[in-house]
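Letters A, B, ... are given to chains in the order of the sequence lines, protein chains preceding strands, and every chain is numbered from 1.
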There are 2 protein chains.
Amino acid sequence: MKKQNKRTDILDIGTELISTNGFNATGIDSVLKKAGVPKGSFYYYFGSKEDFGFAIIDKFAEEYDLKLTSYFGDTSVSPLQRMRNYMEHTIEHLAENKCKRGCLIGNLGQELADQNERFRARLESIFHSWQNVFSSCLKDAQEQGEIAQGIDCDVMAEFILSGWEGAILRAKVMQSPHSLRIFIDTLFSSILVR
Amino acid sequence: MKKQNKRTDILDIGTELISTNGFNATGIDSVLKKAGVPKGSFYYYFGSKEDFGFAIIDKFAEEYDLKLTSYFGDTSVSPLQRMRNYMEHTIEHLAENKCKRGCLIGNLGQELADQNERFRARLESIFHSWQNVFSSCLKDAQEQGEIAQGIDCDVMAEFILSGWEGAILRAKVMQSPHSLRIFIDTLFSSILVR
C-alpha cells in the first residue's frame, strides 16, 4: 500500500512538472527529488521514462473521465446545459491560475505527436473519447429539440473539441480566459441553436 | 554577405528542428552540426539560446506576415474569399506532410508560455497581430454585406484564431487535416453568414 502511494506521489509530481515544463524538459531526477524518492528506485516503479509518461497520461485521462461524467452525466439539467456547466467550470478552474498549464493532453500532443508514435496514438485516442462525450451530449440535445436537426453531431463535436483546445492554448499564451469566454459565448449564442 | 547567409542557414535549420522537437529539446550543437558551423561560432551570431529563439520567432513572423498579406491583401476576390483562400492554402500545405509540425507559434506558445515571460509576451503579440488581420478582413466583409451586421468582428476574429490554432493542433495529433476541413466548412456555412 505504501509503495502504491509513493508511485502515486511520483505520478502527481511528474504531472505537475510536465504540465509546466513539458515532457522532454522534465528530468526524472527532479521528479524523484521532489517526491523524496532515491534515484535508483525509479525503475522499481516504471520501466522507462516513456512508461512513466504513459502512466501520467493514463492517470490524467482516468481522472478527467470522472470529471466529464460528473458534468455530462448530470441528468438534472438539459444536455446543452451539461456542456455549458462543464465549460464554465473549466474556465473557472483555469482562470484561478491565470490559465497557466493549459490542457495536459493538448500540451503533450503539441510536444510529442511528431516525436513518438505511441504517445501520438494514445493522445489521439483520448481526444477521440472526449469528442464522443461531446457528440453524445449533442445527440441528446438534438433529441430534446435544443439544437437544430440539421446539425451533424459528430462533426460538431470535433469542431467544438478543437475550438476548445485552441481557446485553452490561447488563454495560456494570453494569461487570460478571454478566448475561452468568447468561445463559450459564440458557441451557445450562434452555433448550438435551434 | 556570407556571414548573413550562414546566420540565415542556422535560423532555418533551427526552425526545422524546433518545429519537430520543441525549443528545450533542440540542442544548439545539433543545429550547428547540421548547418556545418563550428561549435564555438554560435556566439558570433547569437548572444544566447534565448536570443536564437527570438531570432527564429521574428524571422517566422516576418515571413508569415508576407504570406498573410498575399492572401488578405488580394483585392481581386471578396474579403471572405480572401480568408477562405488563406485557410484552404494552409490546409493543403499542412496535409502535404500529414499535418506534422503544426504552427510554430502555437507550438512555442504551448511549450514556453509558462516558462519564459519574454517568449510568452512576444508570442502573444504575434497571435494578436494575426487576430487583427482576421478582424480587419471581417470588417471589410461586413461593409460589403458578406456577413451579418450583428457580428462583432474583433470578438469573431479571436474566436476564429483560437479555433484555427486548435484545429491545427488536433490535425497534428490526428495526422490528418480532418479537423481543419471541419473548421473551415463550419465557419463558412454556419458562422460567417449574412
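Looking at B:I191, the atoms closer than 4.5 Å to chain A (heavy atoms on both sides) all sit in the side chain, from C-beta outward. Using a 4.5 Å cut-off between heavy atoms, A:L108 makes no contact with chain B at all.
Taking every heavy atom of both residues into account, B:I168 and B:C103 meet most closely at CG2-N, 3.6 Å. The shortest heavy-atom contact between B:L161 and B:F127 is CD2-O, 3.2 Å. When all heavy atoms of B:F23 and B:I18 are compared, the closest pair comes out as CD1-CD1, 3.8 Å. Closest non-hydrogen pair, A:C153 versus A:I147, comes out as SG-CD1, 4.4 Å.
Ring orientation note: the planes of B:F159 and A:F159 are tilted relative to one another, at an angle of 30° to 60°.
Between chain B and the options A:A171, A:G163, A:A167, heavy-atom pairs under 4.5 Å are most frequent for A:A167.
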Inter-chain polar pairs, chain B versus chain A: which donor-acceptor atoms lie under 3.5 Å apart?
| residue | atom | partner | partner atom | Å |
| --- | --- | --- | --- | --- |
| B:T20 | O | A:Q115 | NE2 | 3.3 |
| B:N21 | O | A:Q115 | NE2 | 3.2 |
| B:R101 | N | A:D114 | OD2 | 2.7 |
| B:Q110 | O | A:K172 | NZ | 2.6 |
| B:D114 | OD2 | A:R101 | N | 2.7 |
| B:Q115 | NE2 | A:T20 | O | 3.4 |
| B:Q115 | NE2 | A:N21 | O | 3.2 |
| B:R120 | NH1 | A:V173 | O | 2.7 |
| B:E124 | OE1 | A:R170 | NE | 3.0 |
| B:E124 | OE2 | A:R170 | NH2 | 2.9 |
| B:Q131 | OE1 | A:R170 | NH1 | 2.6 |
| B:Q131 | OE1 | A:R170 | NH2 | 3.1 |
| B:E158 | OE1 | A:H178 | ND1 | 3.0 |
| B:E158 | OE2 | A:H178 | ND1 | 2.8 |
| B:E158 | OE2 | A:S179 | N | 3.3 |
| B:E158 | OE2 | A:S179 | OG | 2.6 |
| B:R170 | NE | A:E124 | OE1 | 3.0 |
| B:R170 | NH1 | A:Q131 | OE1 | 2.6 |
| B:R170 | NH2 | A:E124 | OE2 | 2.9 |
| B:R170 | NH2 | A:Q131 | OE1 | 3.0 |
| B:K172 | NZ | A:Q110 | O | 2.6 |
| B:V173 | O | A:R120 | NH1 | 2.7 |
| B:H178 | ND1 | A:E158 | OE1 | 3.0 |
| B:H178 | ND1 | A:E158 | OE2 | 2.8 |
| B:S179 | N | A:E158 | OE2 | 3.3 |
| B:S179 | OG | A:E158 | OE2 | 2.7 |

Exercise for review: Determine, step by step, whether A:F60 and A:I126 satisfy the side chain to side chain contact (heavy atoms under 4.5 Å, CB included) criterion, reporting the C-alpha distance in whole Å, the side-chain angles of both residues, the deciding distance to 0.1 Å, and the verdict.
Suggested key: CA-CA 10 Å; A:F60 178 87; A:I126 294 166; over 6 Å; no
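Residues A:F54 and A:F46 keep their aromatic ring centres 6.0 Å or farther apart.
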